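One structure below.
This is a predicted model, so every value here is computed, not measured. Computed over heavy atoms, backbone and side chain alike; hydrogens, waters and symmetry mates excluded.
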Amino acid sequence: MAEAALAPPAAARTLRVGIMGHGSAEVTPAAVNAFRRARSEVPLELVQLNFTEHLSALREDRVDVAFVRPAFEAEGLEVDILTAEQRIVAVPARSRLAEAAGTGVHLADVIDLPYLQLPRHTPRDFTDYLYFESGERRAPDYALTPQDILTSVAAGRGAGSGLASFARYYPWPGTRYVPVLDTPRAHSVLATRTTDTHPEVRVFRALTVALARRHAASSEKILDGAGDLRLGGAPASPHL
């Protein structure tokens, strides 16, 4: 990180940072602020990405780096895993599952929920992630953003899934977040183009990876002292 941050600046080129939803939770703003301090002379643009864009935005050269989820493998792109979090489902506050917000449920309890639909051109990685790979039922509404999902959930029209950090970033009247206890933890990543050799991309990537490791270590210490925290108490993910 020090080597990258101290490298001489290249000719000023705007660094375009794509962010899907809330990105990688606290790592995202920490990385952006660290880059601005290290490279104050480099213009920086934040680009909001929807659920269909975590591959296309990079491939179409609309962003230089992207905070997206879940982890994926794709030709021409590479990822750095930043967080690993417990999965949650978002359900209407009046749903019978809402009562389990403090204790959690199992995948069998939520696999057939009416999850919102995604556009057909959504990458398969994200579709599998949202539907827990085998869910089949679909709500009448479509979603491109977390706000789309939560609007429909609050209206009792469907359900959504996400990461534990959603409970911190998207408190939404009429909804409840319920931990899914027996699913693998899902990752958020920083994605970049394999062929991109621009020095500022390298700097941003180095800073982000270093900060993610520091946040993970700090959170693990907190959990070691506090035990297993559920969303019904003080929301926390295992690494962020």
- Which pairs with one or both residues in residues 78-104 pass ring pair (Phe, Tyr, Trp, His ring centres under 6.0 Å), sequence neighbours excluded? none
- Task: Please report the C-alpha distance between Arg62 and Glu53 in whole Å, then the side-chain angles of each, then the deciding distance to 0.1 Å, and finally whether the side-chain contact (heavy atoms from CB on, under 4.5 Å) criterion is met.
- Result: CA-CA 10 Å; Arg62 290 186 280 118; Glu53 295 180 303; 3.1 Å; yes
[X] and [Y]: same hydrophobic cluster, using ILVMFWY side-chain contacts below 4.5 Å?
X	Y	answer
Val201	Leu44	yes
Leu113	Ile111	yes
Leu144	Tyr169	no
Val47	Phe51	yes

Okay, side chain of [X], backbone of [Y]: is any donor-acceptor separation there less than 3.5 Å?
X	Y	value
Gln48	Met20	no
Arg87	Tyr129	yes
Thr52	Thr122	no
Arg16	Asp61	yes
His106	Ala108	no
Gln117	Ala139	yes
Asp182	Leu107	yes

- Worked check of side-chain contact (heavy atoms from CB on, under 4.5 Å) between Val180 and Val178: CA-CA 7 Å; Val180 183; Val178 182; over 6 Å; no
Taking side chain as C-beta onward, heavy atoms only, is [X] less than 4.5 Å from [Y]?
X	Y	answer
Arg157	Pro140	yes
Asp80	Thr208	no
Leu118	Tyr142	no
Arg205	Leu190	yes

What distance separates [X] [atom1] from [Y] [atom2], expressed to the nearest 0.5 Å?
X	Y	atom1	atom2	value
Asp196	Glu78	CG	CD	9.5 Å
Leu49	Thr145	CG	OG1	12.0 Å
Ser24	His215	OG	NE2	10.5 Å
Phe35	Leu15	CZ	CG	4.5 Å
Asp125	Leu130	CG	CG	13.0 Å
Asn33	Leu207	CG	CG	11.5 Å

Heavy-atom count around [X] [atom1] within 6.0 Å, excluding the residue itself: above 12?
X	atom1	answer
Arg59	CZ	yes
Glu99	CD	no
Glu73	CD	no

- Message: Closer than 4.0 angstrom, basic N to acidic O: yes or no for Glu85 and Arg69?
- Response: no
- Show the numbers, then the answer: is there a side-chain contact (heavy atoms from CB on, under 4.5 Å) between Leu77 and His54? CA-CA 10 Å; Leu77 303 177; His54 64 303; over 6 Å; no
Which heavy-atom pair separates [X] from [Y] by the least distance, and what is that distance?
X	Y	result
Ala186	Leu163	CB-CD2, 3.6 Å
Ala191	Val68	CB-CG2, 4.4 Å
Pro179	Ala100	CD-O, 4.1 Å
Leu211	Ala34	CD1-CB, 3.8 Å
His22	Ser165	NE2-OG, 2.7 Å
Pro146	Gly21	CG-CA, 4.0 Å

- Cationic tip of Arg124 above Phe72 ring, under 6.0 Å, 45° of axis: no
- Check: Thr192/Arg202 side-chain N/O donor and acceptor closer than 3.5 Å: no
- Item | Stepwise salt bridge (charged side-chain N to carboxylate O under 4.0 Å, His left out) test for Asp64 and Arg193 | CA-CA 7 Å; Asp64 302 301; Arg193 287 182 291 273; 3.3 Å; yes
- Just do the side-chain contact (heavy atoms from CB on, under 4.5 Å) check on Val89 and Phe132 with the steps written out, would you? CA-CA 10 Å; Val89 291; Phe132 294 101; 3.9 Å; yes
- Item | Aromatic plane relationship, Phe166 with Tyr177 - under 30° parallel, 30 to 60° tilted, over 60° perpendicular | perpendicular
- Item | Parallel, tilted or perpendicular: rings of Tyr131 and Tyr115 (30°, 60°) | tilted
